[in-house]
Amino acid sequence: AIGTDWFPLWAGFLCTAALLFSLRYVPSNFIGSWSIYTAPLLGAAQGLALLPGISRLGITYTTARWLGMRPQKAFELSFLIEWPVSVAGFLKGIVDMHTSGSTLQLTSCDS
């Protein structure tokens, strides 16, 4: 990505691993209170995933768990946050292939 040469990929992987490992220390009975500040915190966490190697799903899941969300709900929310960006990236890839003249052969040609 442009402008991220100063942040190596291995450092992003290490950050993601450390975040996921920190979930071992979330109390199992911890249920935090939700407020108007929860969504901006999740959005800020998602913004950190612009750095190479940091997982968007992993960082939003970890943040939601540390904010007191139950594991299943945290995963559901993280997946819902991830889904539109993944679909948009897929569609952009299809458009880029079409405009560059690349073709994707989905059927076999028996000649």
- Item | Side chain T63, main chain L42, donor-acceptor under 3.5 Å | no
- Query: Do F75 and L57 have side-chain heavy atoms sitting under 4.5 Å apart?
  - Reply: yes
- Message: Between V87 and I94, is there shared hydrophobic-cluster membership here, with clusters defined by ILVMFWY side-chain heavy atoms closer than 4.5 Å?
- Response: yes
- From OG (S78) to CE (M69), nearest 0.5 Å: 8.0 Å
- V85 vs Q46 side-chain heavy atoms within contact, under 4.5 Å: yes
- Residues I59 and A49: closest non-hydrogen pair is CG2-CB, 4.4 Å
- For the hydrophobic clusters of this structure (ILVMFWY residues joined by side-chain heavy atoms under 4.5 Å, transitively), does one cluster hold both Y61 and L80? no
- Message: For the CH2 atom of W66 and the OG atom of S22, what is their distance to the nearest 0.5 Å?
- Response: 5.5 Å
- Any side-chain heavy-atom pair of T62 and L23 under 4.5 Å: yes
- Message: Parallel, tilted or perpendicular: which one describes the rings of F21 and Y25, with boundaries at 30° and 60°?
- Response: perpendicular
- Hey, are the side chains of L77 and T60 touching, using non-hydrogen atoms and a 4.5 Å cut-off? no
- Correct closest heavy-atom pair for T16 and G53 would be OG1-O, 3.2 Å
- Item | Nearest-0.5 Å distance, CG of residue L9 to CG of residue L14 | 11.5 Å
- Note on the structure: When rounded to the nearest 0.5 Å, the distance separating CH2 of W10 from SG of C15 is 9.0 Å
